[in-house]
Amino acid sequence: MTVSATDLPASGRFDGSTHLFPLRVYFEDTDLSGVVYHANYLRYMERARSDMLRVAGIDQRAHFEAGGGAYAIADLAIRYHAPARLDDVLLVASGVRGVTAARVVIHQSVRRGAVLLTAARVTAALVAPDGRPRRQPGAWIDRYRALVTEGEETP
């Protein structure tokens, strides 16, 4: 993948079946040592996942407002490889690795240029307003299946 964060629009886009989401590190993202605070990578990945779903045509908000429920993170494995710093331009890559009736597994990585900073495997489960698991709409499952790819599996 030879796309840099500066080549992308403010929201992300798909490059094949991988969603690419650019962002910049701001002062508020850093800790006392001047590097990105570890939990902020989760925020970056959340933004990228939400954007990926929107760009893929999955309207989470409408589904929620219609009483269909929302995604909750059921499992998360993350590994930190290198730090990001103030004003770095980062690129979050997200790819669907699997889908079941109620869950989707997404691999995400955060890079600064060619340098891998963080990688995670996230399982999101659709839950009803009462918190119980719920089947995803068939159109969503079909869209996810069209996006499933093999790829790097760090962590």
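Reckoned from all heavy atoms, side chains included, excluding hydrogens, waters and symmetry mates.
- Applying the salt bridge (charged side-chain N to carboxylate O under 4.0 Å, His left out) definition to pairs two or more places apart or across chains, those involving residues 81-96 are Arg24-Asp87, Asp88-Arg112.
- Summarising the geometry, atom OG belonging to Ser94 is positioned 13.0 Å from atom CZ belonging to Arg47; distances are rounded to the nearest 0.5 Å.
- When all heavy atoms are compared, the tightest approach of Ser109 to Leu116 is CB-CD1, 3.8 Å.
- A donor-acceptor contact shorter than 3.5 Å links the side chain of Asn40 to the backbone of Asp29.
- Of all non-hydrogen atoms in Pro129 and Arg134, the two that sit nearest each other are CD-NH1, 4.0 Å.
- Linking Ile, Leu, Val, Met, Phe, Trp and Tyr residues whenever their side-chain heavy atoms come within less than 4.5 Å places Val25 and Met45 in a single cluster.
- When hydrophobic side chains of Ile, Leu, Val, Met, Phe, Trp and Tyr are connected at separations under 4.5 Å, Phe27 ends up clustered with Leu86.
- A 4.5 Å side-chain heavy-atom check between Val99 and Trp140 finds every atom pair outside the cut-off.
- Connection of Leu23 to Val122 is established within a shared hydrophobic cluster, with ILVMFWY side chains joined at heavy-atom distances below 4.5 Å, either directly or through further cluster members.
- A single hydrophobic cluster is seen to contain both Tyr80 and Val115, as judged by linkage of ILVMFWY side chains at heavy-atom distances under 4.5 Å, directly or through other members.
- For the pair Arg61 and Phe64, the minimum side-chain heavy-atom distance is 4.5 Å or more.
- There is a path of hydrophobic side-chain contacts, each under 4.5 Å, that joins Tyr41 to Leu76.
- For Gln136 (side chain) and Thr100 (main-chain N/O), a donor-acceptor pair under 3.5 Å exists by modelled atom type.
- In this structure a side-chain-to-backbone donor-acceptor pair under 3.5 Å is missing from Tyr144 to Val104.
- A heavy-atom distance below 4.5 Å is found between the side chains of Pro137 and Leu126.
- Of the charged side-chain nitrogens involved, at least one lies within less than 4.0 Å of a carboxylate oxygen, so that Arg49 and Glu46 count as a salt-bridged pair.
- Pairing each heavy atom of Arg103 with each of Ala74, the nearest pair is NH1-CB, 3.4 Å.
- Ile78 CD1 to Leu42 CG: the interatomic distance, rounded to the nearest 0.5 Å, is 4.5 Å.
- Within the model, atoms CZ of Arg13 and OG1 of Thr18 stand 10.5 Å from one another, a figure rounded to the nearest 0.5 Å.
- In this structure, the separation between CZ on Arg111 and CG on Leu90 is 12.0 Å, given to the nearest 0.5 Å.
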TODO: Would you please test Arg79 and Thr118 for side chain to side chain donor-acceptor pair (under 3.5 Å) and show each step?
DONE: CA-CA 6 Å; Arg79 177 168 231 165; Thr118 306; over 6 Å; no
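- Note that the CG atom of Asp75 and the CZ atom of Arg121 stand 6.5 Å from one another [nearest 0.5 Å].
- Nearest approach of Leu20 to Pro22, heavy atoms of both residues: O-CD, 4.0 Å.
- Closest approach of Gly12 to Phe21, counting heavy atoms only: N-CD1, 3.8 Å.
- The CG atom of Asp51 lies 8.5 Å from the CZ atom of Phe14; values are rounded to the nearest 0.5 Å.
- Cluster annotation: Val55 and Tyr71 are assigned to the same hydrophobic cluster (Ile/Leu/Val/Met/Phe/Trp/Tyr, side-chain heavy-atom contacts under 4.5 Å, transitive).
- Shown here for Met52 and Ile106, the closest heavy-atom pair between the two residues is CE-CD1, 3.5 Å.
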